[in-house]
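To start, the structure itself, in structure tokens.
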Amino acid sequence: MSKVLKKCVYTQLRDYYQYWNYLTPDQSGFRPNHSTTTALLKVCNDIQAGMEQGNLTGAIFLDFAKAFDTVDHGILLEKLKNSGIGDRTLTWFQSYVSDRSQYVSISGSSSLPLPVTCGVPQGSILGPLLFTIFINDLPNVCKASTVHMYADDTVIYTSKPNLPQLEAVLQEQFTEVEKWIKNNKLFLNTDKTVTMLFGTAPKLHKLQNPHLCVGTKSNGMLTTVTALKYLGMWLDPNLSFGPHIKKLSSKLYPKLGALYRNKSCLSPAVRKQIVQQMLMPAIDYGDVVYAAAPQTHLHKLTTLYNSFCRFALQCNYMTHHCDMLKELNWPSLESRRTLHLSSLVFKSISGKLPPYLNRLLPPAAPSSYNLRSRTSTLLAIPQYKKTVARSSFSYRAPQLWNNLPDTIKSS
């Protein structure tokens with residue numbers, strides 16, 4: 001009964017916030033049509049747009065200490081009230097989060113129960129939504145920068161022509177964020193909260209000291225990194241995605257080796273299934289983000305993919321990759337990336353992508369329609385000059401879509 005009741009409350013609360021458009025568009029966690037991939041596309045696209053303008057982009061990646069476990073119940077109820085939730089409903093939520101206890105049980109022995117005085121119940125369908133509501137007003141304190149959140153994974157970033165301007169804005173914004181964190185009784189892990197500087201290789205090369213200087217209230221400086229894993233993807237200063245592909249390869253090759261050592265236990269059908277369900281998801285994750293990486297990086301993944309095919313078929317190294325793909329009836333990696341990006345554009349046209357990605361794919365002006373494509377949707381392609389900007393979602397997606405045959409676009 002409790003699970004049914006919580007599901008009903010969750011549905012009503014979610015629909016209420018969606019109807020009044022209360023939740024910030026800068027939150028991608030626990031929301032329909034949103035994902036880590038859409039969040040990565042948005043952040044990377046903004047950085048690449050800054051590079052097109054010749055700007056540097058500075059980012060602060062916040063690390064909250066036990067964010068879900070430190071939500072203050074009084075502040076949470078106050079935020080529910082301020083968003084229009086009535087008194088009777090507030091009483092229900094107060095009862096829901098209050099009078100909880102926790103204990104540890106090991107091998108039949110249990111500790112004494114301790115009261116839970118803060119935090120949202122984890123493992124419950126309501127917990128993530130309540131946390132989203134709690135952190136919803138964080139972007140309001142960052143007027144001069146962009147904030148994007150996936151649950152508690154938060155990044156604050158802005159683009160400026162030079163490093164001094166960038167540091168001044170980020171310092172001001174971070175000071176405001178620290179005030180917000182203190183007022184909401186959350187805790188920031190300053191050791192894991194880091195800064196990162198993005199820009200084109202020539203722009204960064206001109207800097208004598210390509211590091212951001214952003215300090216905390218305790219006079220400690222945040223650490224600047226040159227590579228960072230954000231939402232499962234390694235980012236580098238030029239967004240070449242070389243470190244991500246290198247890490248991905250180093251993770252998958254040992255797994256493939258372990259499978260080869262046990263190949264005698266696996267039938268052909270099982271080998272094929274293992275590759276499709278255990279190895280390929282790692283390559284497919286975020287492929288629409290890193291799809292425009294330099295060919296020197298993408299070739300490493302192609303080599304890895306060919307190794308997967310050889311394992312599935314148990315063929316020798318002289319077998320051509322085209323023959324393997326034909327026998328397995330699998331597409332090439334480039335075709336997979338093309339399909340995934342095309343699907344994203346179709347979702348945008350169908351209204352099944354976040355608004356922040358829909359805005360990046362406006363329809364083309366009527367004058368740009370040619371006679372053959374008058375019956376299908378064409379998208380506007382931005383006039384980017386730099387290679388790094390042409391690898392962005394807002395450039396690649398409409399270009400790919402416009403080049404598709406009309407029969408596919410209209411089907």
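What you are looking at is a predicted structure, and each value in this text was computed from that prediction instead of being measured. For the single chain, residues carry numbers from 1 onward in sequence order.
- With hydrogens and angles ignored, the 3.5 Å screen pairs a side-chain donor or acceptor of Thr91 with a backbone N or O of Asp87.
- Between the side chain of Asn45 and the backbone N or O of Leu41, no donor-acceptor pair lies under 3.5 Å.
- The main-chain N or O of Leu186 is never found under 3.5 Å from a side-chain atom of Asn184 such that the two would form a donor-acceptor pair.
- Applying the 6.0 Å contact sphere to NZ of Lys182 captures no more than 12 heavy atoms from other residues, nucleotides or ligands.
- For the atom pair CG (Leu333) and NE2 (His321), the distance works out to 10.5 Å, reported to the nearest 0.5 Å.
- By the side chain to side chain donor-acceptor pair (under 3.5 Å) test, Asp46 is found to be paired with Lys42, Tyr157, residues two or more places apart in sequence or in another chain being considered.
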(message) Quick one, Lys179 with Val141, criterion side chain to side chain contact (heavy atoms under 4.5 Å, CB included). Give me CA distance, side-chain angles, the key distance, then yes/no.
(response) CA-CA 9 Å; Lys179 290 179 186 176; Val141 303; over 6 Å; no
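- Side-chain contact between Val155 and Asp153 is absent, with no heavy-atom pair separated by less than 4.5 Å.
- Taking the side chain as every heavy atom from C-beta outward, Arg271 and Gln314 approach each other to under 4.5 Å.
- Just one of Glu176, Gln173, Glu172 meets the side chain to side chain donor-acceptor pair (under 3.5 Å) condition when paired with Ser145; it is Gln173.
- Every residue two or more places apart in sequence or in another chain that forms a side-chain contact (heavy atoms from CB on, under 4.5 Å) with Ser111 is listed here: Tyr103, Val104.
- The backbone N or O of Leu328 lies less than 3.5 Å from a partner atom in the side chain of Lys272, making a donor-acceptor pair.
- Between the side chain of Lys247 and the main chain of Trp234, no donor-acceptor pair closer than 3.5 Å is present.
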(request) Evaluate side chain to side chain contact (heavy atoms under 4.5 Å, CB included) for Tyr253 paired with Ser307, printing each intermediate quantity in order. (result) CA-CA 9 Å; Tyr253 270 120; Ser307 299; 4.2 Å; yes
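- Salt bridge status for Glu334 with Arg337: absent, with no side-chain N to carboxylate O gap under 4.0 Å.
- Here the OH-CD distance, from Tyr384 to Gln53, works out to 8.0 Å after rounding to the nearest 0.5 Å.
- The local environment of NZ in Lys160 is sparse, with at most 12 non-hydrogen atoms from other residues, nucleotides or ligands closer than 6.0 Å.
- Counted within 6.0 Å of CG on Asn329, heavy atoms from surrounding residues, nucleotides or ligands total 12 or fewer; the atom is thus considered open.
- Note that the OG atom of Ser391 and the CG atom of Leu239 stand 7.5 Å from one another [nearest 0.5 Å].
- You'll find the side chain of Pro139 reaches within 4.5 Å of the side chain of Met149, heavy atoms only.
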(request) Show your reasoning for whether side chain to side chain contact (heavy atoms under 4.5 Å, CB included) applies to Leu252 and Phe308. (result) CA-CA 10 Å; Leu252 291 178; Phe308 291 170; 4.0 Å; yes
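- The backbone N or O of Gly351 lies less than 3.5 Å from no partner atom in the side chain of Asn358, so there is not a single donor-acceptor pair.
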(request) Give the intermediate values and the outcome of side-chain hydrogen bond (donor to acceptor under 3.5 Å, both in side chains) for residues Ser28 and His148. (result) CA-CA 8 Å; Ser28 293; His148 203 86; 2.7 Å; yes
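- A distance-only check finds a donor-acceptor pair linking the side chain of Ser98 to the backbone of Gln94 [under 3.5 Å].
- The ring pair (Phe, Tyr, Trp, His ring centres under 6.0 Å) test applied to Tyr10 returns no partner, not counting sequence neighbours.
- Summarising the geometry, atom CD belonging to Glu78 is positioned 9.0 Å from atom CG belonging to Leu90; distances are rounded to the nearest 0.5 Å.
- Using a 4.5 Å heavy-atom threshold, the side chains of Phe346 and Leu404 count as separate.
- By the ring pair (Phe, Tyr, Trp, His ring centres under 6.0 Å) test, Phe187 pairs with no residue at all, sequence neighbours left out.
- Between the CG atom in Leu235 and the NZ atom in Lys229 there is a gap of 11.5 Å [rounded to 0.5 Å].
- Applying the salt bridge (charged side-chain N to carboxylate O under 4.0 Å, His left out) definition to pairs two or more places apart or across chains, none involves residues 52-61.
- Scored by the side chain to side chain donor-acceptor pair (under 3.5 Å) test, Ser83 finds Tyr17 as partners (sequence neighbours excluded).
- Tyr395 pairs by the ring pair (Phe, Tyr, Trp, His ring centres under 6.0 Å) definition with nothing, not counting sequence neighbours.
- Environment of OH in Tyr230: crowded, with over 12 heavy atoms of neighbouring residues, nucleotides or ligands closer than 6.0 Å.
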Do any side-chain atoms of residues 112-135 form donor-acceptor pairs under 3.5 angstrom with protein atoms, and if so which ones, sequence neighbours left out?
residue: Gln122; atom: NE2; partner: Asp69; partner atom: OD1; Å: 2.9
residue: Ser124; atom: OG; partner: Tyr96; partner atom: OH; Å: 2.7
residue: Ser124; atom: OG; partner: Leu126; partner atom: N; Å: 3.1
residue: Thr132; atom: OG1; partner: Pro128; partner atom: O; Å: 2.9

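- A distance-only check finds no donor-acceptor pair linking the side chain of Thr24 to the backbone of Gln27 [under 3.5 Å].
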(request) Decide side chain to side chain contact (heavy atoms under 4.5 Å, CB included) for Leu357 and Ser348; before the verdict, give the C-alpha distance in whole Å, the side-chain angles of both, and the deciding distance to 0.1 Å. (result) CA-CA 8 Å; Leu357 287 188; Ser348 175; over 6 Å; no
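- Here Tyr290 pairs with His244 under the ring pair (Phe, Tyr, Trp, His ring centres under 6.0 Å) rule; sequence neighbours left out.
- Shortest non-hydrogen contact noted between Asn402 and Lys409 is O-NZ, 3.4 Å.
- More than 12 heavy-atom neighbours from other residues, nucleotides or ligands sit within 6.0 angstrom of CG on Asn262.
- Between the side chain of Arg336 and the backbone N or O of Pro331 there is no donor-acceptor pair closer than 3.5 Å.
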Would you list the atom pairs, donor with acceptor, under 3.5 Å between side chains in residues 193-208 and any protein atom, with sequence neighbours excluded?
residue: Thr193; atom: OG1; partner: Asp63; partner atom: N; Å: 3.1
residue: Thr193; atom: OG1; partner: Asn189; partner atom: O; Å: 2.9
residue: Thr195; atom: OG1; partner: Thr223; partner atom: O; Å: 3.4
residue: Thr195; atom: OG1; partner: Thr224; partner atom: OG1; Å: 2.8
residue: Thr200; atom: OG1; partner: Lys203; partner atom: N; Å: 3.4
residue: Lys203; atom: NZ; partner: Gly54; partner atom: O; Å: 3.1
residue: Lys203; atom: NZ; partner: Pro161; partner atom: O; Å: 3.0

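- Listed by chain and residue number, nothing satisfies the salt bridge (Lys or Arg N to Asp or Glu O under 4.0 Å) test with Arg310 (two or more places apart in sequence, or in another chain).
- Side-chain contact check for Asn238 versus Val388: every heavy-atom pair is 4.5 Å or farther apart.
- A distance of 8.0 Å separates CG in Leu361 from CD1 in Ile349, rounded to the nearest 0.5 Å.
- Contacts classified as salt bridge (charged side-chain N to carboxylate O under 4.0 Å, His left out) and involving residues 130-149 (residues at least two apart or in different chains) are given here: Lys79-Asp137.
- Side chains of Val345 and Pro398 form no contact here, defined as non-hydrogen atoms less than 4.5 Å apart.
- With contacts defined as side-chain heavy-atom distances shorter than 4.5 Å, the pair Leu13/Thr89 does not qualify.
- With hydrogens and angles disregarded, a donor-acceptor distance shorter than 3.5 Å links the side chain of Asp236 to the backbone of Phe241.
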